[in-house]
Amino acid sequence: MTATTTNKKPGLNLGKLSAVAQIAVKPVQPADAEIELARIYSVKQVRKTFRNLEELAESFKLNGIIEPLVVHEEADGRYRIIVGERRYRAAPLAGLVKVPVIIKKGLTELQIRRLQVTENNDRDDLTAYEEAMGVIEDVELYGTKEAMTIWNRGEAWVSKRMAVRRYADPVRELLENDLCGDFEVLHCLNQIYDIEDTHTEFSRLSHRMNEGLPLSRDEARNTLARMKAWKQQQDDLAQRRIELDNAKKAGDKAPEKTPAWLEEQRKRDAERAAAGADAGDQDEDGGQDPAPAPAVASGRGQQALPTMELTPEQKAAAEKERANEKLLSLREETFEWGEANQAQFFSMKTHMTTLGHNMHETEWVLWQGFLSMTLPMLEGIGPERAVMYLKKLQGELKDKTPAQLWEELHPDIEGAGRNASPDMPEGWRF
Amino acid sequence: MKTIAIANQKGGVGKTTVARNLAFFAIERGLRVLCVDLDPQKNFSKTLRALRERTVGDQGDELQSLTGSALFDGEAIELQPLPCGESAALVAADRELVDVASRPLEDLHAPRAALAKLAKDFDVCIIDTAPTLGNPLYAALIAADFVVCPCTMDQDAIDGLGDLFEDIARVQQLEWNADLVTLGLLANRVNTRRAFDRNALEQLRDELGEVVMEGVLYDRAATQYAKDRPVWRVQSGESQILAAREMKAVCNQIFDKAAI
Ligand SMILES: Nc1ncnc2c1ncn2[C@@H]1O[C@H](COP(=O)(O)OP(=O)(O)OP(=O)(O)O)[C@@H](O)[C@H]1O
Ligand SMILES: [Mg+2]
């Protein structure tokens, strides 16, 4: 609006716009009165940090306080701040002794709290940490239902903030230091922290955030999914080792017979692989603990052996069933690896950006990674078939992006996650 | 249900782009979203029909459903919005919307009444508007709780902002919809390599202060090509990650300000 601005940067004449826009954006509430600062006091509800008070004070010196504070008249004739604590603190720095206020009377504690939250929400005044602490305090004071009303949010929103209480300390510090205010990301980080005893991946991410590089939700989720998949693989390996050991112990007398305990273990195996496929949040402890397996194996294995007299048909059926389950779980694992590979490449790209890799270096790392992942696979498929597959894929990529093809192959089923091992469509031919 | 209108009488400033990303953002948050297309160009409708195609299997153009012009029947609306899967539904644009310009002023309150009838079934309503001032804009602003104004760093677009905010202020001051909240001006398609863009954005911030939303959308290929899905669900080149991040930040800010 000032002449200097217009002189410095010619071109846009925003004078009129500015005036009318201010009207449209803020139908300003008129102040009820001006009150001496000395008669106002504040009761801290939420742990708050007050940043840039000097800056605000400077603007008060120029324009005065444009937006009145909201206060509550107390029985002793003093005024308790409902909204505007920051302005209240900046006012004396600007040399003011009186501030404009809107006065409320006769409100209950709860009504005051509601007003406070609504106003602060409107103004975007709270950091994520302050918000979480506020929500926690409100749930403790008034219960979840009331907290939902106060904050005008749903139960999920509230419980995400309540979860902060259970965060590991280093995760909470990220929130507290305002390095990450996204509760989805924090939730992932907390799980990432828990998965590894060494917390290596977590340290890497938190170091990065300390450097000022943000972490997107997708990246956090992908990293978590990748780590869960890895953890699952480790557990599966351990499981298989136990199976092998036990098979040996069960003796060479009846090698084709499948003991009931093994049958059961395999079933659980397959179930677990299936549950892992949707990378849900519920399986946090599902893949954690391979310890109970040996107990089951040694305990029940010995009893089960003598009673097993299967007919050849039963044996064949069981064999088939087992193969079926195994194939299914292999296919599901393959799907998970696909997702993990993607996350892998996303992370590599991020790191290369951080490192400032040039085009050739970047291309090399990606190309080499691509080859490392695909070549063994192509060999596994069979070299001739591999060529055919690559040609077909190349054709399909002309009309669609990889993501679109993938979406079609693994449609997201409402509530059930993606279908990891889709059936062959009717009449499908290569 | 909270209703957000996306408005700017200038064409091609990103109204539909913001509307569609905001809609997907809401869907992904698990909210029930009502998408209202008041622009007879039907771009927003097309996006939702494509979503329906992916989820339900057809575009729904065979079905009888509530249209934009039918909202002017107010409480007397008979049809339902078109379900588009994943908790979204569409009030599709139709050609008859063209006639809104010549309706009497009192008719412009009807869509608000119509939407009020649907309010219990949805958490959020997003209205995409036509590039025009006057009646069609008023109808949208009367129906909305919040308005977001995307604007490109273009001399003509910026010159037009005065008229736009005047219309918004009129709706508030004449109490056609006194509670309408302006969430702000959203700088879109900013190209930081252009001095004009940098300068314009800086001046807008200087002069308008908080009116300019904190988040900015830069000119990104990925944003341009994401027409039937949100920009964070397309995979095209390196700008995609940035485009996605910027768009989500903006959606977040809008929802936060609207306390959704
Ligand atoms: N940030 C951006 N980066 C790149 N392209 C963009 C961006 N925002 C919008 N576009 C592109 O600009 C064009 C116009 O955008 P859009 O259709 O959203 O504008 P609109 O305001 O809805 O137009 P209309 O007034 O005609 O309805 C579209 O092709 C869109 O993809
Ligand atoms: Mg449009």
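Residue numbers start from 1 in every chain, and the chains themselves are labelled A, B, ... in the order their sequence lines are given, proteins ahead of strands. Everything quoted here is computed from the prediction, not taken from an experiment.
Here CZ of B/Arg245 is found 8.0 Å from CD of A/Glu219. Values are rounded to the nearest 0.5 Å. To the nearest 0.5 Å, atoms OG (A/Ser18) and CG (B/Leu204) are separated by 10.0 Å. Note that CG of A/Asp218 and CD1 of B/Ile241 are 9.0 Å apart. Values are rounded to the nearest 0.5 Å. Considering CG of B/Asp159 and CG of A/Leu17, their distance stands at 9.5 Å, rounded to 0.5 Å.
Neither the backbone nor the side chain of B/Arg54 comes within contact range of chain A, judged by heavy atoms closer than 4.5 Å. For B/Leu183, no part lies near chain A; criterion is any non-hydrogen pair under 4.5 Å. Heavy atoms closer than 4.5 Å to chain B are found nowhere in A/Glu408, neither backbone nor side chain.
Residues A/Arg217 and B/Asn252 share a closest heavy-atom pair of NH2-ND2, 4.4 Å.
The environment of CD in A/Glu361 is crowded: more than 12 heavy-atom neighbours from other residues, nucleotides or ligands sit within 6.0 Å. Shown here is A/Lys400, whose NZ atom has no more than 12 heavy atoms of other residues, nucleotides or ligands within 6.0 Å. Crowding of B/Asp179 atom CG: a count of heavy atoms from other residues, nucleotides or ligands under 6.0 Å not exceeding 12. Within a 6.0 Å radius of CD in A/Glu211, other residues, nucleotides and ligands contribute more than 12 heavy atoms. With a 6.0 Å radius and a threshold of 12 heavy atoms from other residues, nucleotides or ligands, A/Glu363 has its CD atom at or below the threshold.
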Go through B/Arg233 and A/Gln404 one step at a time and tell me if the side-chain contact (heavy atoms from CB on, under 4.5 Å) criterion holds.
CA-CA 10 Å; B/Arg233 294 271 173 249; A/Gln404 281 167 334; over 6 Å; no
